[in-house]
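Notes for the one structure printed next.
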Amino acid sequence: MPAQQPIPAEELRAAVDPARPWLAGEAEQPPRSVLGAAVRTSARWLAQQVPGRSVELRVPPHVAVQLVPGPRHTRGTPPNVVETDAATWLRLATGALTWAEAVAAGAVSASGNRADLSGHLPLRPLR
């Protein structure tokens, strides 16, 4: 499998910006293709910034990526899993929501001792 090309910050912003009015409650939810592109691009951008295979970030049905250095997971359910919905993920990525707020509200499921992504959010180009 060929290595993925790095995602430039401009591409990340271009993918997420169309969803910002919806995230702020100022517009209807964007089409699934727009929302999916924003989620996939932002999750993959984070995975390229924090490479590794010890944590699996899941934003169903759009993407699942592995990131964070540490012990590699190879079979079954990984010991460190972060799962959330598209809106919560994009709010975390843009800084509209903090990790602590999302976890306290039950909007993020984070299991495992490496599953705290607060040190990597929001994504720098999206602040």
Inset, instruction - Could you tell me the separation between the CD atom of Gln49 and the CZ atom of Arg44, rounded to the nearest 0.5 Å? - result: 15.0 Å

Legend entry - Asn80 CG to Gln66 CD distance, which is reported to the nearest 0.5 Å: 10.5 Å

Legend entry - Residue pair Val65, Leu46: steps toward the side-chain contact (heavy atoms from CB on, under 4.5 Å) verdict: CA-CA 9 Å; Val65 296; Leu46 179 59; over 6 Å; no

Inset, instruction - Verify the cluster assignment for Trp99 and Val59: are they in a single hydrophobic cluster under the rule of side-chain heavy atoms below 4.5 Å apart? - result: yes

Inset, instruction - Identify whether Val103 and Val55 are in the same connected component of the hydrophobic contact network (ILVMFWY, side-chain heavy atoms under 4.5 Å). - result: yes

Inset, instruction - Find out whether Leu35 and Pro18 are in side-chain contact, i.e. whether some heavy atom of one side chain is under 4.5 Å from a heavy atom of the other. - result: no

Legend entry - Side chain proximity check, Leu117 to Leu67, heavy atoms < 4.5 angstrom: yes

Inset, instruction - Specify the closest pair of heavy atoms between Leu97 and Ala102, including all atoms of both residues, with the distance to one decimal. - result: CD2-CB, 3.7 Å

Inset, instruction - Look at the side-chain heavy atoms of Ile, Leu, Val, Met, Phe, Trp and Tyr, link any pair under 4.5 Å apart, and say whether Trp22 and Leu126 land in one connected group. - result: yes

Inset, instruction - Determine yes or no for a side-chain-to-main-chain donor-acceptor pair under 3.5 angstrom, with Thr84 supplying the side chain and Ala107 the backbone. - result: yes

Inset, instruction - Using a 4.5 Å cut-off on heavy atoms from C-beta on, say whether the side chain of Ser42 contacts that of His62. - result: no

Legend entry - Side-chain donor or acceptor of Arg114 paired with backbone N/O of Pro69 under 3.5 Å: yes

Inset, instruction - Find out whether Thr41 and Val16 are in side-chain contact, i.e. whether some heavy atom of one side chain is under 4.5 Å from a heavy atom of the other. - result: no

Inset, instruction - Of all the heavy-atom pairs spanning Ala15 and Ala37, show the shortest one and how long it is. - result: CB-O, 4.0 Å

Legend entry - Non-hydrogen side-chain atoms of Leu57 and Val68 separated by less than 4.5 Å: no

Legend entry - Closest approach of Pro122 to Ala93 (non-hydrogen atoms, all atoms of both residues): CB-O, 3.3 Å

Legend entry - Hydrophobic cluster identity match, Val63 and Leu23, side-chain contacts under 4.5 Å: yes

Inset, instruction - With rounding to the nearest 0.5 Å, note down the distance linking OG in Ser111 to CD in Glu56. - result: 10.0 Å

Legend entry - Value rounded to 0.5 Å, distance of CG in Leu92 from OG in Ser118: 10.0 Å

Legend entry - Sole candidate of Arg40, Glu11, Arg124 that passes side chain to side chain contact (heavy atoms under 4.5 Å, CB included) when paired with Trp45: Arg124

Legend entry - Interatomic spacing from CG in Leu121 to CG in Asp116 - rounded to 0.5 Å: 9.0 Å

